[in-house]
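Atoms within a ligand are numbered from 1 in the order they appear, just like the ligands themselves.
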Amino acid sequence: MGAGTHAGHGHGHVHDKGHGHGEEDVDWEAMADYIEQEGEMRIPFAEEAAAWLRGLLLEGGCGPEIARRLLDVGSGPGVYTALLAREFPQAEVVAVDGTPALLERARARAEREGVGGRVATLEAQLPDDFGRLGSADVIWTSHVVHHIGDQQAALDALAASVRPGGLLAVVERGLAPRYLPRDIGFGRPGLPARLEALTEDWFSAMRAGLPGHTRSVEDWPAMLARAGLTPAGTRSFLTELPAPLGETARSHLHARLSRERASFEEELDEEDRATLDALLDEEAPTGIMHRPDAFYLTATTVHTGRAS
Ligand SMILES: C[S@@+](CC[C@H](N)C(=O)[O-])C[C@H]1O[C@@H](n2cnc3c(N)ncnc32)[C@H](O)[C@@H]1O
């Protein structure tokens with residue numbers, strides 16, 4: 001789902017609250033395992049990105065060793081919170097999220113990873129609570145800003161919390177995962193691409209239903225500049241798990257396809273529904289849990305801006 005890429009994060013768990021305007025009501029707690037699993041699969045990307053951020057801080061004259069406070073805004077279960085604490089060993093890292101159960105996971109993970117003493121949590125509902133975040137040397141926000149109606153206003157608020165010389169790192173978009181050959185031997189070739197197109201429509205509808213939704217050109221470096229920051233670079237990081245996949249990646253793909261099967265029941269044609277059912281068959285050698293050709297390839301994009 002996007003943790004999409006997280007493009008698609010949340011689909012299948014978005015319910016119309018009955019307010020008549022499709023307001024987002026994602027059950028984030030129900031998605032905890034999924035988000036955590038996806039985050040874990042992408043740890044190498046985040047380590048590379050953190051090393052890049054350390055370099056950017058040095059270039060900006062604010063050495064990573066003087067970065068004292070980092071925020072992971074929309075931390076979810078805290079895979080990246082703990083990672084940032086490891087990568088910035090002198091800093092306090094605050095996991096900020098609107099879902100208490102996910103913050104609990106973030107705390108538990110930090111303890112397990114031996115960085116609990118430097119990880120704090122802050123429950124905050126955004127955008128209302130932006131003013132409670134306090135200032136920080138680095139703000140990392142991964143696949144969260146797109147869940148806020150006015151993305152530019154969100155960046156404005158986050159930028160205002162970055163200390164001079166510090167960085168705002170916004171993880172948005174990239175390339176949705178690919179995980180199967182074009183032709184898998186049954187069904188109409190190209191199913192993952194069709195699922196991706198449906199996810200884009202879901203994503204637009206999700207955004208349109210957010211309170212205070214404001215449509216804007218999603219040019220993240222330009223938006224960071226508008227927020228008063230100096231764009232410090234955009235980089236995309238590949239996550240590539242070649243075939244044959246291990247058990248964790250297979251279960252993650254199984255969960256992903258199950259969500260998509262349920263979310264797009266009406267939009268998919270009969271043939272694609274049957275193909276998905278066959279891929280979801282946990283006993284079949286041609287199912288995603290066993291087939292030898294399944295892989296995982298995705299790119300995650302990080303946009304940075306520096307405060308002066
Ligand atoms: C897609 S998950 C991303 C988790 C993590 N950053 C990652 O990249 O794996 C989005 C997270 O943002 C949080 N979130 C979404 N909308 C929010 C809001 N309006 N206020 C506070 N937290 C929010 C959710 O609780 C969830 O943990």
Quick one: does Gly39 get within less than 4.0 Å of ligand 1, heavy atoms only?
-> no
For atom CD of Glu283, is the number of surrounding heavy atoms from other residues, nucleotides or ligands below 6.0 Å larger than 12?
-> no
Just checking, is any N or O donor in the side chain of Tyr296 or Arg42 under 3.5 Å from an acceptor N or O on the other one?
-> yes
Would you indicate whether Glu29, at its atom CD, is surrounded by more than 12 heavy atoms from other residues, nucleotides or ligands within a distance under 6.0 Å?
-> no
Check: Asp97 N/O within less than 3.5 Å of ligand 1 N/O | yes
Numbered in order shown, the ligand 1 atoms found under 4.0 Å of a heavy atom of Tyr80 are 7 (C), 8 (O), 9 (O)
Assign the ring pair Phe237 / Phe45 to parallel, tilted or perpendicular, where the plane angle (0 to 90°) is split at 30° and 60°.
-> tilted
Sidechain-backbone polar pair: Arg86 side chain, Thr81 backbone, donor-acceptor under 3.5 Å = no
Atoms of ligand 1 close to Ile35 [distance to a heavy atom under 4.0 angstrom, numbered from 1] | 2 (S), 4 (C), 9 (O)
Do ligand 1 and Leu102 have nitrogen or oxygen atoms that lie under 3.5 Å from each other?
-> no
Would you call Arg68 and Asp137 a salt bridge, using N to O less than 4.0 angstrom?
-> no
Rounded to the nearest 0.5 Å, what's the gap from CG on Leu180 to CG on Leu191? Could you check?
-> 8.0 Å
Looking only at distances, please establish whether an N/O atom of ligand 1 is found under 3.5 Å from an N/O atom of Leu126.
-> yes
Proximal candidate to atom 8 (O) of ligand 1 [heavy atom criterion; set Ala46, Ser142, Ala106] | Ser142
At under 4.0 Å between heavy atoms, what of Pro77 touches ligand 1? The answer is neither
Heteroatom distance test (Thr99, ligand 1): nitrogen or oxygen, under 3.5 angstrom | yes
Considering only heavy atoms, does Pro127 approach ligand 1 within less than 4.0 Å through its side chain, its backbone, both, or neither?
-> neither
Drop me the distance from Arg107's CZ to Arg109's CZ, to the nearest 0.5 angstrom.
-> 14.5 Å
Check: Glu172/His146 side-chain N/O donor and acceptor closer than 3.5 Å | yes
Look only at interatomic distance and state if Asp72 has a nitrogen or oxygen under 3.5 Å from any nitrogen or oxygen of ligand 1.
-> no
Atoms in ligand 1 flagged as close to Ala124, the criterion being non-hydrogen separation under 4.0 Å | 20 (N), 21 (C)
Nearest non-hydrogen atom to atom 23 (C) of ligand 1 belongs to which of Ala154, Gly98, Pro100?
-> Gly98
